[in-house]
Q: 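Supplied in structure tokens, the structure appears directly below.
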Amino acid sequence: MNTLNRIKRSVANRSDDVLLRSEFDQFGSAAQVGRALRELVLDGTLVRLGLGVYAKAKPSVLTGKPIPVRPLEVLAPEALNKLGVTVMASRLTEAYNAGRSTQVPAGIVFNVGRRRIARKLGFNGKAIQYEHA
């Protein structure tokens, strides 16, 4: 069985929606895994959220193009947790949830504490931002 089929079967059997490239290292060389992941993105099984970060995909009801199976607001914290980053709600989200503000927070912002993060995650022009507390 070739690398593409092994990775495709592994993706189908996983319950989590976010996948890291490093999770597929045992299936072949770096070049083979890269080609297989690129092929899965082209055929619509996966979408790329960032460098080495992929999400399971489904066809869009409106356009038919592949989109992530869950919103970016849900997938981004899952991806950051897999990368070892502790994610908390932003200050504005905390204020809204506690009832101290009636303004709904715009955009996708996550509090990452004192940690510096340069990783860009996003899909279709919608990117997440980081807040430091």
Side-chain angles (χ1 to χ4, degrees):
M1 181 179 296
N2 64 10
T3 306
L4 175 63
N5 290 336
R6 291 173 65 195
I7 291 177
K8 191 181 289 190
R9 185 168 17 142
S10 175
V11 167
N13 290 336
R14 291 176 188 258
S15 62
D16 48 348
D17 295 325
V18 174
L19 309 162
L20 300 180
R21 181 189 170 102
S22 60
E23 296 174 2
F24 302 111
D25 286 344
Q26 75 261 14
F27 293 123
S29 69
Q32 289 172 325
V33 170
R35 281 193 299 268
L37 289 173
R38 193 174 322 113
E39 182 68 31
L40 291 175
V41 168
L42 289 176
D43 75 5
T45 305
L46 297 176
V47 292
R48 187 172 180 262
L49 298 181
L51 185 65
V53 181
Y54 298 89
K56 289 183 180 180
K58 65 178 182 179
S60 170
V61 176
L62 300 174
T63 63
K65 293 182 180 178
I67 60 171
V69 292
R70 295 170 67 197
L72 188 59
E73 293 88 350
V74 176
L75 294 175
E78 187 178 334
L80 290 170
N81 284 334
K82 279 192 170 188
L83 293 167
V85 177
T86 304
V87 179
M88 300 168 278
S90 68
R91 285 180 291 120
L92 295 175
T93 305
E94 286 287 330
Y96 178 75
N97 290 339
R100 295 189 306 269
S101 172
T102 58
Q103 185 172 358
V104 177
I108 307 169
V109 181
F110 295 109
N111 185 348
V112 291
R114 309 263 315 147
R115 188 164 180 171
R116 181 190 172 276
I117 298 178
R119 181 175 288 272
K120 294 179 174 73
L121 293 177
F123 179 75
N124 204 15
K126 192 176 181 184
I128 65 168
Q129 297 174 342
Y130 305 106
E131 174 183 87
H132 303 282

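Note that this is a predicted model, so its numbers are computed, not measured.
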Q: Who passes salt bridge (Lys or Arg N to Asp or Glu O under 4.0 Å) against Arg35, sequence neighbours left out?
A: none
Q: Return the minimal non-hydrogen interatomic distance between Thr102 and Tyr96, and the atom names on each side.
A: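 That closest heavy-atom pairing would be O-CE1, 4.0 Å.
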Q: Under 6.0 Å from the CD atom of Gln26, do we count more than 12 heavy atoms belonging to anything else shown?
A: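 Counting other residues, nucleotides and ligands, CD of Gln26 exceeds 12 neighbours.
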Q: In the single-linkage hydrophobic clustering (I, L, V, M, F, W, Y; side-chain heavy atoms under 4.5 Å), do Phe110 and Leu20 co-cluster?
A: yes
Q: Looking at Arg21 and Ala30, would you say the former's side chain and the latter's main chain have a donor-acceptor pair under 3.5 Å?
A: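 Answer holds: yes.
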Q: Which heavy atom of Ala12 sits nearest to which heavy atom of Lys56, and what is that distance?
A: O-NZ, 4.4 Å
Q: If you round to the nearest 0.5 Å, how far is CG of Leu46 from OH of Tyr54?
A: 8.0 Å
Q: Go through the structure and list residues passing side-chain contact (heavy atoms from CB on, under 4.5 Å) with Lys65, not counting sequence neighbours.
A: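 Lys65: side-chain contact (heavy atoms from CB on, under 4.5 Å) contacts with Thr63.
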Q: Write down the atom of Gln103, the atom of Ser101, and the distance for their closest heavy-atom approach.
A: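 Nearest heavy atoms, Gln103 then Ser101: N-OG, 3.1 Å.
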Q: Does some side-chain heavy atom of Met88 sit less than 4.5 Å from a side-chain heavy atom of Glu131?
A: no
Q: Could you tell me which residues satisfy side-chain contact (heavy atoms from CB on, under 4.5 Å) with Arg119, sequence neighbours excluded, listed by chain and number?
A: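 With sequence neighbours excluded, Arg119 shows a side-chain contact (heavy atoms from CB on, under 4.5 Å) to Leu51, Val53, Leu83, Ile117, Leu121, Tyr130, given in chain and number order.
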Q: Going by side-chain hydrogen bond (donor to acceptor under 3.5 Å, both in side chains), name the residues that satisfy it together with Asp43, two or more places apart in sequence or in a different chain.
A: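 For Asp43 the side-chain hydrogen bond (donor to acceptor under 3.5 Å, both in side chains) partners, ignoring immediate neighbours, are Thr45.
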Q: With rounding to the nearest 0.5 Å, note down the distance linking CG in Leu92 to CZ in Arg100.
A: 10.0 Å
Q: Check the pair Lys126 / Glu73 against side chain to side chain contact (heavy atoms under 4.5 Å, CB included), numbers first and verdict last.
A: CA-CA 10 Å; Lys126 192 176 181 184; Glu73 293 88 350; 3.1 Å; yes
Q: Under the side chain to side chain contact (heavy atoms under 4.5 Å, CB included) criterion, do Leu49 and Leu75 qualify, and how do the steps go?
A: CA-CA 9 Å; Leu49 298 181; Leu75 294 175; 4.3 Å; yes
Q: Nearest 0.5 Å, please: how far is CG in Leu19 from NZ in Lys82?
A: 5.5 Å
Q: So do Thr93 and Asn111 actually touch side chain to side chain, heavy atoms under 4.5 Å?
A: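 Result no, sub-4.5 Å side-chain heavy-atom pair not found.
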Q: What's the spacing between Asn2 CG and Lys8 NZ if we round to 0.5 Å?
A: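 Answer for the CG-NZ pair, Asn2 versus Lys8, is 9.0 Å.
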Q: So which heavy atom on Pro77 is nearest to which on Leu72, and how close?
A: CD-O, 4.3 Å
Q: Is the shortest side-chain heavy-atom distance between Val41 and Leu37 below 4.5 Å?
A: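 When only atoms from C-beta onward are counted, Leu37 and Val41 do not touch, as no gap falls below 4.5 Å.
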Q: Please identify each residue that fulfils side-chain contact (heavy atoms from CB on, under 4.5 Å) with Pro59, with sequence neighbours left out.
A: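 Once residues adjacent in sequence are excluded, Pro59 has no partner under the side-chain contact (heavy atoms from CB on, under 4.5 Å) criterion.
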Q: Are a donor atom and an acceptor atom from the side chains of Ser10 and Arg14 found within less than 3.5 Å of each other?
A: yes
Q: Looking at Phe27, I'd like to know if its CZ atom is crowded, meaning that more than 12 non-hydrogen atoms belonging to other residues, nucleotides or ligands lie closer than 6.0 Å.
A: yes
Q: Taking the side chain from His132 and the backbone from Arg115, do they hold a donor-acceptor pair closer than 3.5 Å?
A: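 Looks like yes, one N/O pair under 3.5 Å.
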Q: Could you work out, with salt bridge (Lys or Arg N to Asp or Glu O under 4.0 Å) as the rule, every residue matching Lys120, not counting sequence neighbours?
A: none
Q: Going through the checks in order, is the side chain to side chain contact (heavy atoms under 4.5 Å, CB included) test met by Phe123 and Ile67?
A: CA-CA 8 Å; Phe123 179 75; Ile67 60 171; 4.2 Å; yes
Q: Give a yes or no on whether Leu80 and Val47 share a hydrophobic cluster (residues Ile, Leu, Val, Met, Phe, Trp, Tyr; joining criterion: side-chain heavy atoms under 4.5 Å apart).
A: yes
Q: Can you tell me how far the NZ atom of Lys58 sits from the CG atom of Asp17, to the nearest 0.5 Å?
A: 10.0 Å
